[in-house]
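Below is one structure; the comments refer to it alone.
Quick note: numbers below take in every heavy atom, side chains included, and nothing from hydrogens, waters or symmetry partners.
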Amino acid sequence: MELIKVTEQKEPHVALIELNRPKELNALNPQLMQEVRDALVALDKNDAVRVIIITGNEQAFAAGADIKQMADKSAIDMLLLDQFTTWDQIRKTKKPIIAAVSGFALGGGCEFVMTCDMVIASETAKFGQPEIKIGTIPGAGGTQRLTKAVGKAKAMELILTGRFLSAEEAHFYGLVNKVVPKEMYLHEAFTLAKEIAQLSPVAVQLAKEAINRSFETHLDEGLTLERKNFYLTFASADQKEGMKAFIEKRKPEFKGQ
Ligand code: HXC
């Protein structure tokens, strides 16, 4: 594991996965997501582990998918990359996953957090789906999960403007379970994890599956449409301009093409 760090028993029965690409604000490239997938598969099979915490660092949970690796891709490149098979493991994991978030959780980073089961946020956390600003749209569940979490009007505002939500606002809208001071977010995630880890792992797994069934009814259809539309943005000049402008640190000029 190069881009993540896994500690199987950080506390008894509680595993910790740390995303570890700090210079890139934990931008989620395919290698990192493959490592996350492999770690989750292994932890799900490990009987000693009952709850999994995923975190980044103080500055960022993750600032999104890796724009530098996507900028030049065509729609067909994105389709063939088939990256979402690794992302799908987050929601397929049977054990509960708590996201412990400090700093940026943007784009794919916010989608990653929303795919986890519970979220503990530092008061410094910032959530958002800013893809629109670089000429694309959320592709890992943002249009579906954010809408279910915060309601249609707020989801429209956030996804169509790319505005960020503060930790307090995210709490108000039900996106996160609890907001705590910066020094406490990981500690608080462990407190929650340890409470769940004392309970029947069988009942916890079955309860999680049932809650997700309620949440995921119709989700498959929505995710399929979102993925196709996400790929389609890579056929536009605006996506090329948006991502190029980000890399060149300038304002993009969108032409609607
Ligand atoms: C690649 C990224 C990155 C990203 C930051 N970096 N976000 N690299 N992909 N998503 C890099 C920067 O280029 C920079 O590298 C370094 O990390 C530090 O970032 P700065 O921009 O210098 O930091 P700051 O000024 O503090 O601004 C932080 C920020 C900004 C507001 C988070 O970096 C930002 O807007 N990032 C992009 C957010 C975004 O658009 N995310 C959505 C991506 S699309 P250098 O080399 O210059 O030091 C997406 C689609 C998901 O997620 C679809 C499913 C897969």
Side-chain angles (χ1 to χ4, degrees), residues 1-4 19-38 54 56-57 59-90 101 103-115 126-146 155-156 158-165 222-257:
M1 300 282 179
E2 239 180 90
L3 303 180
I4 67 171
L19 310 181
N20 191 24
R21 276 189 94 196
K23 274 200 224 126
E24 292 84 6
L25 300 180
N26 289 333
L28 303 166
N29 66 8
Q31 184 190 336
L32 187 150
M33 291 311 296
Q34 182 64 45
E35 292 184 14
V36 168
R37 182 198 165 276
D38 294 346
I54 304 185
N57 53 47
Q59 215 191 348
F61 180 88
D66 192 318
I67 299 169
K68 290 167 191 167
Q69 291 195 2
M70 282 187 295
D72 296 330
K73 297 269 191 281
S74 71
I76 300 304
D77 291 335
M78 293 304 284
L79 177 76
L80 297 180
L81 179 63
D82 197 21
Q83 61 182 321
F84 297 115
T85 48
T86 56
W87 285 75
D88 281 341
Q89 184 57 43
I90 307 169
V101 181
F104 298 111
L106 304 176
C110 188
E111 294 173 300
F112 190 140
V113 168
M114 290 191 289
T115 312
K126 285 193 175 63
F127 300 85
Q129 299 291 157
E131 288 90 342
I132 201 88
K133 291 185 173 170
I134 51 169
T136 184
I137 67 168
T143 63
Q144 307 302 300
R145 292 196 179 88
L146 190 64
M156 283 284 184
L158 292 172
I159 293 173
L160 302 193
T161 66
R163 285 181 190 168
F164 296 167
L165 274 185
L223 286 177
T224 303
L225 176 76
E226 183 194 77
R227 282 175 195 185
K228 297 269 187 251
N229 285 357
F230 173 67
Y231 297 146
L232 193 58
T233 64
F234 284 75
S236 74
D238 283 353
Q239 171 273 329
K240 294 284 167 296
E241 166 63 9
M243 294 199 177
K244 202 158 166 263
F246 174 82
I247 292 167
E248 291 169 2
K249 300 184 191 290
R250 61 175 173 79
K251 217 166 169 276
E253 254 190 72
F254 293 124
K255 302 218 163 90
Q257 284 164 352

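Heavy-atom contacts from other residues, nucleotides or ligands closer than 6.0 Å to CE of Met156 number 12 or fewer. Other residues, nucleotides and ligands contribute more than 12 heavy atoms inside 6.0 Å of the CZ atom of Arg227.
In this structure, Glu35 contributes its side chain and Leu3 its backbone to a donor-acceptor pair below 3.5 Å. Within the 3.5 Å criterion, the main-chain N or O of Phe234 finds a donor-acceptor partner in the side chain of Lys240. A distance-only check finds no donor-acceptor pair linking the side chain of Lys228 to the backbone of Thr224 [under 3.5 Å]. At distances below 3.5 Å, at least one donor-acceptor pair connects side-chain atoms of Asn26 with backbone N or O atoms of Phe61. Between the side chain of Glu111 and the main chain of Gly141, a donor-acceptor pair closer than 3.5 Å is present. Side chain of Glu226 to backbone of Thr143: a donor-acceptor contact under 3.5 angstrom is found.
Taking 4.5 Å as the limit, every side-chain heavy atom of Gln89 sits out of range of all side-chain heavy atoms of Val36. Side-chain atoms of Asp38 and Thr86, non-hydrogen and from C-beta on, never get closer than 4.5 Å to each other. Two residues are said to be in side-chain contact when any heavy atoms from C-beta on lie closer than 4.5 Å; Leu28 and Phe112 meet this criterion. Counting only heavy atoms from C-beta outward, the side chains of Gln34 and Gln83 never approach each other to under 4.5 Å.
Aromatic ring pairs are classed by plane angle as parallel below 30°, tilted from 30° to 60° and perpendicular above 60°; the pair Phe84 and Tyr231 is tilted.
The two residues Cys110 and Ala105 have their closest heavy-atom pair at CB-O, 3.2 Å. For Thr115 against Ala140, the heavy-atom pair with the smallest separation is OG1-O, 4.5 Å. Here the closest heavy-atom approach between residue Phe230 and residue Thr233 is recorded as O-OG1, 2.7 Å. Across Ala75 and Ala235, no two heavy atoms sit closer than the pair CB-N, 4.0 Å.
In this structure, the side-chain hydrogen bond (donor to acceptor under 3.5 Å, both in side chains) partners of Asp66, at least two apart in sequence or on a different chain, are Arg21. Evaluation of the side-chain hydrogen bond (donor to acceptor under 3.5 Å, both in side chains) rule for Gln59 yields no partner, not counting sequence neighbours. Checked against side-chain hydrogen bond (donor to acceptor under 3.5 Å, both in side chains), Asn229 has no partners two or more places apart in sequence or in another chain. Residues passing the side-chain hydrogen bond (donor to acceptor under 3.5 Å, both in side chains) test with Ser74 are Asp77, sequence neighbours excluded. In this view, Phe246 satisfies the ring pair (Phe, Tyr, Trp, His ring centres under 6.0 Å) rule with no residue, not counting sequence neighbours.
Atom CG in Asn20 sits 8.0 Å away from atom CG in Asn57 (nearest 0.5 Å). Atom CG of Leu81 sits about 12.5 Å away from atom CD1 of Ile76, to the nearest 0.5 Å. Atom CE in Met243 sits 6.0 Å away from atom CD1 in Ile67 (nearest 0.5 Å). How far NZ of Lys244 is from CD of Gln239: 12.0 Å, rounded to the nearest 0.5 Å. Between the CD atom in Glu253 and the CG atom in Asp238 there is a gap of 10.5 Å [rounded to 0.5 Å]. Distance check: Ile4 CD1 to Ile54 CD1 gives 8.0 Å after rounding to the nearest 0.5 Å.
A salt bridge links Glu241 with Arg250: the distance from a Lys NZ or Arg NE/NH1/NH2 to an Asp or Glu carboxylate oxygen falls below 4.0 Å.
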Which atom pairs, one a donor and one an acceptor, fall under 3.5 Å between side chains of residues 127-134 and the rest of the protein, sequence neighbours left out?
| residue | atom | partner | partner atom | Å |
| --- | --- | --- | --- | --- |
| Gln129 | NE2 | Gly107 | O | 3.4 |
| Gln129 | NE2 | Glu131 | OE1 | 3.2 |
| Gln129 | NE2 | Glu131 | OE2 | 3.1 |

